[in-house]
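What follows is one structure encoded as C-alpha cells, with my remarks underneath.
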Amino acid sequence: MDLVSSLNPEQRAAVLQTSGPVLILAGAGSGKTRVIAHRIAHLASSGLAPPDGILAVTFTNKAAEEMRLRVASLLGTDCRSMWISTFHALCARLLRREAPLIGLSRDFVIYDSNDQLTVMKQALRSLGLEDGAVQPRVALSRISHAKNRMEGPESFDTAWNPREQHFATLFTLYTKALADARALDFDDLLLKTVELFERSPAARERYARRFGYVMVDEYQDTNRPQYLLIQALTASHRNLCVVGDPDQSIYKWRGADLRNILDFERDFPEAVVVRLERNYRSTQVILDAASAVIAKNRNRKEKRLYTELAGGARIQIYRAADDLDEAEFIARTCRRALQSTPGSQAAVLYRTNAQSRTIEDGLRRAGMAYRIIGGVRFYERKEIKDTLSYLRLALNPHDDVSLRRVINVPARGIGKGVMDSLESATPAPPSHSASPLFAGLSVEEGPPSLWSKLVEVVEQRLVAPRAGTALAAFKSLVEELAQLTTESSVAVCVGKVLDRSGYLKDLREEHSEEADGRIENLQELVSAAREYESRAAEPSLAGFVDQLALLSDADEEAGSRDSHVLMMTLHSAKGLEFPTVIIAGLEEGLFPHSRAVDDDAELEEERRLCYVGLTRAQRAVVLTSAARRRVFGDYQSTEASRFIDEIPLELVEEIPSRAFAANSLYGAQHGRRGDYGSGQARTFRREPRREEPRTYADEDEDQSAPGGLKPGRRVTHPLFGPGTIVSVEPLDDDTKLVVRFAAVGTKTLRAKYAKLQPA
DNA sequence: GACCACTAGAATGAT
DNA sequence: TCTAGTGGTC
C-alpha cells in the first residue's frame, strides 16, 4: 500500500521515521492530523505493530474521532482494536482493568465538574464556611492546580494565611469525600494512572510492551501527569512520536507545561526533529495576519510558515454598535459567505460560551441553520444527569453525590427531615452493613457512605415507619437495578432504570412541552446506549457511563444536518478548519479576557488563542466587536481588542457600521480606527422596536384578520425565526399548529401562546 | 413534604 | 437574562 506518495518530503520523513523518539513541530495547517493518521496506517499495514499495539492520544474526543476516521479510511478497515483516545478515556480504561493494584475499587465513578461542585459545597458546609468567603469554584480550581503540579494539601502556604489554610483543609476534606464515594475526578484519572505505573512496575512493563508505538497529539498542551504517563509507557522502547506547536498552547490554565515540548530534545537526545512549515490551509494574507499577531509574544520560538496560496481577501473588521448589531452582522456575513460558495462552511468562534446566545438568536432570526459545538452539554441536562446517577448508583451505591441527587427524584417522600436523620445515623462497620450484593466494593475502609447508613436505618428501623417504608423502597430499587446491571445489556439497563425508578412515568404525566422534550432526550440516551454497544470493543455499563462522563459534545440536536454555520469557542476550534472564520467579541476584557489583561503570561496565552482562531481560516477571516455589550442584563461600553491593532493595516478592510448610534461614546475615543464609516452614508440605528409585535393570537380574537392560519403560510416566530405552517388543527379554545422552521426544524405550537407574526 | 414565588448571584477555557 | 437556592404556605 502506498501511503506516502501524496505527502511532501517533511511529512514523509515524519511518517517513515518509525523507530525511536520523533518530535514533529507542526505549524498551523501543515497537515499534522494527516501525518499522524498516515503514520498509524503505515505502522499497521507494514506489520511493524499489531493494531492493538498502537496507542494514539489526543486531548479532545473530537480529535480522537477524527483520527480514527482518517486511519480507518486509509486502511479500509474499522480500527476498533487500536487505542486511539483522549488522555482521560485512556486512563479510565486502564484503571477499570487495573484499579485493584493501587487499592482502588474497579467500580469507581467519575465525578465531573458539577459533581465536584456538589462535593465542595458539602465540604464548605461542614466547615461552617457558607458565608461565601471561600467560593467553591475558586477552591476547586486551586485544588486542581495543585493536583496538576502533583502537590498535596501541604503545598498551600498555611503558616500565616487563613485563606490558604482553608484551601488546605478543603483539599483534605474533598479528597476524603471522593475516596469515600469511590469517585475519581478528571485530575484523579491521570494521577491514579501515574500512581499505578509507579507502584506496579510489572503493570507498567506489560503496557509498555503492549504499546510498542505511542503517538501524542497537541503535545504542547500536556501537563505534568500526562508527561509522566507517557514517559512510563515509552521509557523502555522509546518509540514515541509527539506532535505539537508551541504557538498553539492554550491550556496553561489546565496545567499544560510548555517545557514538555521545549525540552523534548533534552529528554530524548537521540530524537529526530521534523519541522512542518508549509501551510496548506490558508491564504498568504491570513498567514501574515496571524504571524503578525503571534510575533508580539516574547516567549516563543521564531517559526516561518509559508503557503503557495498567495494573496487572498483582506481581513474584514466590523465594529458593531452593540452585541445585537454584531449578531445581525454575523448572520448577514454567514449568509453571504454560504451563498457565494454553496455547500461550504462558516464558523463563528467566540471566547466565552456566554456569547453564544446572542449570536444564536441572530442566526435564528435570519433563518440560518446552525449547529453549536460544545456549550450546554447533552449529559449536563437534568434528566440525563438524573438517569446517569441511577446508573452510577447501580454500579456503586456508595456514590453519595448520585444518591443525594436521585433519592427523592421522582418525589418519593424522602425530604430534608429524613435526609437529616439519615446523615446522623451511625451504621455498624461496613463489613456486615452492606448488602451481600455490594460486599466486594469496600476495598478500602472509609467512613460510612450514605448508602451504608441507609441500609442500617432500614434494617434497624431507626426512623418513623413512613420514612422507613420510603427508604426501604428506594433501597430495593437500587438493589434491583444493581442486579440488572449484571445480567442485561447496556441499553436494557438504561430502559429499566427509566421504567423502574418511575422517572419516565412522572414525566409522561406532566403533559408539558418541556417534559416531552426531556422524554425525547432520554430516548436519545437509550439510542446512545445502543450505539455504544454496537461500537465498543468491550461494551459494559461502566464503560458507557465513563464515556458519557468524558464526552463533551454530544450536543448534536440543535440545527439540521445540512447546517453549515458552526458555532463554538476558540478553544474547541483547535485542530479544525473552515473556509470562512468569524471571530466575535474582539474587545478588551473579553478577548483578551479581563483576567488576562494584567498578566503578561496570560496575555500571551490569549494571543496564542487568537493565533489559533485566525489560522483556522482557509479563505476569509472576519473580526467583530461591539461598542457596548449586555452583561448580566445591562450594557457596558467596550474598547476594541488590542489584537485587532496588531494586524498590519494593509491586511485589513474595515466594514462601515450600518447601524451606529449617533450618541455612542465610540468614535470620539478612538484614534487609529476612529474613522469608521467616514465618507460613507451613515445610517443611524433605530431604537429596537419595543412595541409588542402584532401576533396571530391577537387576530384570532378580533376575527377580522384576513388570511390567518393556513398551511403553507409563511410566519415568523420570535425565537425560532421564519418558517412555514405545515398543518392547522382547531382545539376547544385554541389552535394547534405544526410549523417547519428553517433554523430549528418542525415544531408543534399553540397559536394562542406562540407569538407568530405574518412573514 | 411538596410546591411556588422570590432573590441573589453569575460567567474563561474542557476532560 | 437565567438559575440555583431559600423561605413561606398549603
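All of these numbers come straight from a predicted model, not from anything done at the bench.
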A:Tyr503 meets the ring-ring contact (aromatic ring centres under 6.0 Å, His included) criterion, sequence neighbours left out, with none
For A:Tyr227, side-chain hydrogen bond (donor to acceptor under 3.5 Å, both in side chains) partners two or more places apart | A:Asp267
Using the salt bridge (Lys or Arg N to Asp or Glu O under 4.0 Å) rule, collect all pairs that involve residues 590-599 of chain A, keeping only residues at least two apart or in two chains.
-> none
Residues that A:Glu509 engages under side-chain hydrogen bond (donor to acceptor under 3.5 Å, both in side chains), provided they are two or more places apart | none
For A:Tyr611, which residues count as a ring-ring contact (aromatic ring centres under 6.0 Å, His included) partner, sequence neighbours excluded?
-> none
If the plane angle is over 60° it's perpendicular, under 30° parallel, otherwise tilted; pick one for A:Trp253 and A:His571.
-> perpendicular
Taking side chain to side chain contact (heavy atoms under 4.5 Å, CB included) as the test, write out the residues that go with A:Thr58, two or more places apart.
-> A:Ala63, A:Ala64, A:Met67, A:Thr86, A:Asp217
Are any protein N/O atoms closer than 3.5 Å to N/O atoms in nucleotides 9-12 of chain B? If there are, list each pair with its distance.
residue: B:dA10; atom: OP1; partner: A:Gln135; partner atom: NE2; Å: 3.1
residue: B:dT12; atom: OP1; partner: A:Arg595; partner atom: NH2; Å: 2.7
residue: B:dT12; atom: OP2; partner: A:Arg595; partner atom: NH2; Å: 3.2
residue: B:dT12; atom: O4'; partner: A:His593; partner atom: NE2; Å: 3.2
residue: B:dT12; atom: O2; partner: A:Arg351; partner atom: NH1; Å: 2.7
residue: B:dT12; atom: O2; partner: A:Arg351; partner atom: NH2; Å: 2.1

Take nucleotides 2-10 of chain C nucleotide by nucleotide from the 5' end and write B, S or -, depending on whether a protein heavy atom sits under 4.0 Å from the base, only from the sugar-phosphate, or from neither.
-> S--S-----
What residues, two or more places apart in sequence or in another chain, satisfy ring-ring contact (aromatic ring centres under 6.0 Å, His included) together with A:Phe643?
-> A:Phe591
Show me the protein contacts with nucleotides 3-7 of chain B, counting only N or O atoms at under 3.5 Å.
none

CG of A:Asp420: more than 12 outside heavy atoms within 6.0 angstrom?
-> yes
Starting at atom CG of A:Asp361, determine the distance to atom C1' of C:dT1, rounded to an integer number of angstrom.
-> 11 Å
Please work out if A:Phe591 contacts a base, only the sugar-phosphate, or nothing of the nucleic acid, heavy-atom cut-off 4.0 Å.
-> nothing
Between C1' of B:dG13 and CD of A:Glu605, the distance in whole Å | 9 Å
B:dT15 P sits how many Å from A:Leu191 CG, rounded?
-> 18 Å
Mind calculating the distance between CG (A:Leu609) and C1' (B:dA14) to the nearest angstrom?
-> 13 Å
Could you tell me the separation between the CG atom of A:Leu590 and the P atom of B:dG13, rounded to a whole number of Å?
-> 10 Å
Mind checking what makes side-chain hydrogen bond (donor to acceptor under 3.5 Å, both in side chains) contact with A:Arg137, not counting sequence neighbours?
-> none
Which part of the nucleic acid, if any, lies within contact of A:Asn408, taking any heavy atom under 4.0 Å across all strands shown: a base, the sugar-phosphate backbone alone, or nothing?
-> sugar-phosphate
Pick the nucleotide of DNA chain B nearest each of A:Ala467 and A:Phe59; which residue has the one closer to the 5' end?
-> A:Ala467
Residue pair A:Tyr207 / A:Glu98, side-chain donor-acceptor N/O under 3.5 Å | yes
OP1 or OP2 of B:dT15 sitting under 4.0 Å from any side-chain N/O of A:Ser113?
-> no
Euclidean distance, atom CD of residue A:Gln226 to atom P of B:dA14 [Å, nearest integer] = 16 Å
Taking only residues two or more places apart in sequence, or in another chain, which ones meet A:Ser389 in a side-chain hydrogen bond (donor to acceptor under 3.5 Å, both in side chains)?
-> none
Return the value, rounded to whole Å, for the distance between atom CG of A:Asn148 and atom P of B:dA14.
-> 16 Å
Starting from P on B:dG13, measure out to CG on A:Leu140 and report it in whole angstrom.
-> 16 Å
